[in-house]
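Before any comments, here is the structure.
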Protein chains: 2
Amino acid sequence: MTASSRTIRVAGAQMGPTQRADSRAHTLDRLIALLENAAAQGAQLVVFPELALTTFFPRWPMEEAELLSYFERAMPNPQVQPLFDRARALGVGFYLGYAELAEDGRRFNSAITTGPDGVILGRYRKVHLPGSREIRPGQRYQQLEKRYFEYGDLGFPAFRGPRAWGSPVLGMLICNDRRWPEGWRCYGLQGVELMLMGYNSAAYDPNGGESESAELRTFHSTLAVQANAYMNATWAVSVAKAGVEDGAGLIGGSVIVDPNGLVVAQAKTLEDEVIVAEVDLDACRQGKEKMFDFAAHRRPQHYRRIVDQVGAVPPA
Amino acid sequence: MTASSRTIRVAGAQMGPTQRADSRAHTLDRLIALLENAAAQGAQLVVFPELALTTFFPRWPMEEAELLSYFERAMPNPQVQPLFDRARALGVGFYLGYAELAEDGRRFNSAITTGPDGVILGRYRKVHLPGSREIRPGQRYQQLEKRYFEYGDLGFPAFRGPRAWGSPVLGMLICNDRRWPEGWRCYGLQGVELMLMGYNSAAYDPNGGESESAELRTFHSTLAVQANAYMNATWAVSVAKAGVEDGAGLIGGSVIVDPNGLVVAQAKTLEDEVIVAEVDLDACRQGKEKMFDFAAHRRPQHYRRIVDQVGAVPPA
């Protein structure tokens, strides 16, 4: 605790690529090594990427049997218990993205956040699923999130972290969600102070089509987090799975961003890499009490289009 | 017309300071000089700042008689007619911010956009008024927008530009509006391709209190425009009144931003300065049809908080 009793040391645990052939045990060892690295740097909360336990499997059509092998039937479960055990022993909480197979059979692209005691504090299911439901014929790589997952049904539920962290208001997003100001604002309207998110974002078109550069894609990823953190006066940790997975490239660029939208830590590689920052939660107050004093300045009667229509409707 | 038949050359006409003692005629001469400068560079549409005809008068308490002298009873009116005449002669449209005294006596912080024929294409009244209604005792400089203006009552009405410009979908904001993603999204949901806005933003606390640096404030101004342009796949022109007005400093940093959120032109001074860019409206299509295909990806049932509550309500 430095400047304030509401200071927490936070880490982003960027992961390099995970290949389709990699064993679960191998990947879990990497997660535990990253956790220990972060804890050794004093981190109290570690953010892992989206779908951190596996490769980004929505890039392939696959049979039901293989598909199910990527999903978790419970969280925790025996395969991931060693990560939970090590985190509790270190007194470190974590955000973890994973594919969720719910008891009722529904499938979600999900994330949890645990406290320093290993107890799950919050659950989130990705709302903004990109990609397509149909398999695109003739394409080696797909983006089948809309096929493999249902849309998240929990909304954007903020939750409190423990007293040891200063009882922060926490929120979670997953990957594409970070580009949608609506989700951020729903958390902002719950007074969020620290946003946690992981991602797997393509660095180029793996099918060889013309597309934006990896540099531009990384800029977009960072820009969205910076501006939404600023406009909601919150800290944000945004963490990549990076590098080339079975021929498909993913951007890196994991960042920790302050409530002014300034990047305070950023990953430099496309590999397993830990970034750390001291997060003064009270640094959110300036924005929340002045420029973004929602109660004083918002005018919801003029925002109806945001909920009354889905797609764009241009004027005649 | 270069790359596309939907290309329009756009200018931002940043203004240096306007002092309280400056005559209207002097200020109008400056506007016309900026217009001619932009037209000479081929601009078809010129964006002037917020409250471009006067100093930023909400910084002072004042008697009704002086206050009314800052307002326009009609637009155009004899005082500003020379600007309209010159613009029509040059075939150049413009965005102009001004204080509006409506026929029914209501007062708004407003903007219009005219076409190349001098006809008003769209009207906007600022929704997000910053500042306070009450005069803060003992402070030399105030921010009395909530006292001097009513909240805009027109919502965020997109409108079409003329065929000569490629029939773009246009939208307007004013100053503080640019920091509120709700307004941008309401335009995005109307398929906006070119956002126009002017501002007067403090460079420091003129009363001498501790505050953010001018550099950080300029970063915030640019960041909000970049990210909201990206997230709505639109071009944006954001134009300052800059420099020191009667002892109160205003940031500059006028920008033209593309639908990727990249700055393509930026003012370098705090003075009267024209920035110009070639705006390919069809460059919005990539974002609108893929990443930000609203119809495919938005989930409004989870956005209810945005309209159902005004202020932030933290979890227990």
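Because only heavy atoms are used, hydrogens play no part in the values below, and waters and symmetry mates are left out as well, while side chains stay in. Here is how names work: the chains are called A, B, and so on, in the same order as the sequence lines, proteins then strands, and each is numbered from 1. Just so you know, these numbers come straight off a predicted model, no measurement behind them.
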Exercise for the section: Keeping the roles fixed (side chain from A/Arg160, backbone from B/Pro315), state whether a donor-acceptor pair exists under 3.5 Å. Expected result: yes
Handout entry: Test item: A/Lys146 side-chain N/O and B/Ala296 main-chain N/O as donor-acceptor pair under 3.5 Å
Key = yes
Practice task
Find out whether A/Pro181 and B/Arg185 are in side-chain contact, i.e. whether some heavy atom of one side chain is under 4.5 Å from a heavy atom of the other.
Solution key: yes
Practice task
State the CD-CE distance between A/Glu182 and B/Met231, to the nearest 0.5 angstrom.
Solution key: 8.5 Å
Completion exercise
Minimal heavy-atom distance between B/Tyr303 and A/Val307, with the atoms involved, is O-CG1, 3.6 Å
Exercise for the section: May I have the step-by-step check of side-chain contact (heavy atoms from CB on, under 4.5 Å) for A/Met291 and B/Asn176, ending in yes or no? Expected result: CA-CA 9 Å; A/Met291 187 73 81; B/Asn176 186 37; 3.8 Å; yes
Exercise for the section: Look up atom CZ in B/Arg299 and atom CG in A/Asp153, then write down how far apart they are to the nearest 0.5 Å. Expected result: 10.5 Å
Exercise for the section: Look at the rings of A/His302 and B/Phe156 and say which category their plane angle falls in: under 30° parallel, 30 to 60° tilted, over 60° perpendicular. Expected result: perpendicular
Practice task
With a 4.5 Å cut-off on heavy-atom pairs, point out which of A/Cys186, A/Ala158, A/Gly191 contacts chain B the most.
Solution key: A/Cys186
Exercise for the section: Decide yes or no on side-chain contact (heavy atoms from CB on, under 4.5 Å) for A/Gln190 and B/Val313, but give the supporting numbers first. Expected result: CA-CA 5 Å; A/Gln190 297 168 80; B/Val313 182; over 6 Å; no
Completion exercise
The reported gap from OG in A/Ser211 to CD in B/Gln286 (rounded to nearest 0.5 angstrom) is 8.5 Å
Completion exercise
Max heavy-atom pairs within cutoff under 4.5 Å with chain B, candidates A/Phe292, A/Tyr151, A/Phe294, A/Trp184, goes to A/Tyr151
Fill in the blank from the handout: Among A/Glu193, A/Lys288, A/Gln301, A/Glu212, the residue with the most heavy-atom pairs under 4.5 Å to chain B is A/Glu212
Completion exercise
Counting heavy-atom pairs under 4.5 angstrom with chain A, the leader among B/Gly152, B/Ala316, B/Gly311, B/Ala224 is B/Gly311
Fill in the blank from the handout: Heaviest contributor of heavy-atom pairs below 4.5 Å to chain B, chosen from A/Asp293, A/Val192, A/Asn228, is A/Asn228
Practice task
Check whether A/Leu129 gets within reach of chain B through its side chain, its backbone, both or neither, counting any heavy atom under 4.5 Å.
Solution key: backbone
Handout entry: Distance-only polar pair, side chains of A/Gln226 and B/Gln226, donor-acceptor under 3.5 Å
Key = no
Exercise for the section: Say whether B/Tyr230 and A/Arg179, considering side chains only, have a donor N or O and an acceptor N or O under 3.5 Å apart. Expected result: yes
Problem - Over all atoms of both residues, closest heavy-atom pair of B/Ala227 and A/Ala227 - result: CB-CB, 3.0 Å
Problem - side-chain contact (heavy atoms from CB on, under 4.5 Å) evaluation trace for A/Arg298 with B/His128 - result: CA-CA 7 Å; A/Arg298 293 182 76 249; B/His128 297 101; 5.5 Å; no
Problem - Greatest number of heavy atom pairs closer than 4.5 Å to chain B - which of A/Gly155, A/Gly188, A/Gly183 - result: A/Gly155
Exercise for the section: Would you please test B/Val310 and A/Leu189 for side-chain contact (heavy atoms from CB on, under 4.5 Å) and show each step? Expected result: CA-CA 8 Å; B/Val310 182; A/Leu189 284 163; over 6 Å; no
Fill in the blank from the handout: d(A/Asn260 CG, B/His220 NE2) to nearest 0.5 Å is 3.5 Å
Problem - B/Glu215, CD: over 12 other non-hydrogen atoms inside 6.0 angstrom - result: no
Handout entry: Within 6.0 angstrom of A/Arg106 CZ, more than 12 heavy atoms from elsewhere
Key = yes
Completion exercise
Per-residue tally against chain B (heavy atom, under 4.5 Å) across A/Ser132, A/Ser167, A/Pro130, A/Pro314 peaks at A/Pro314
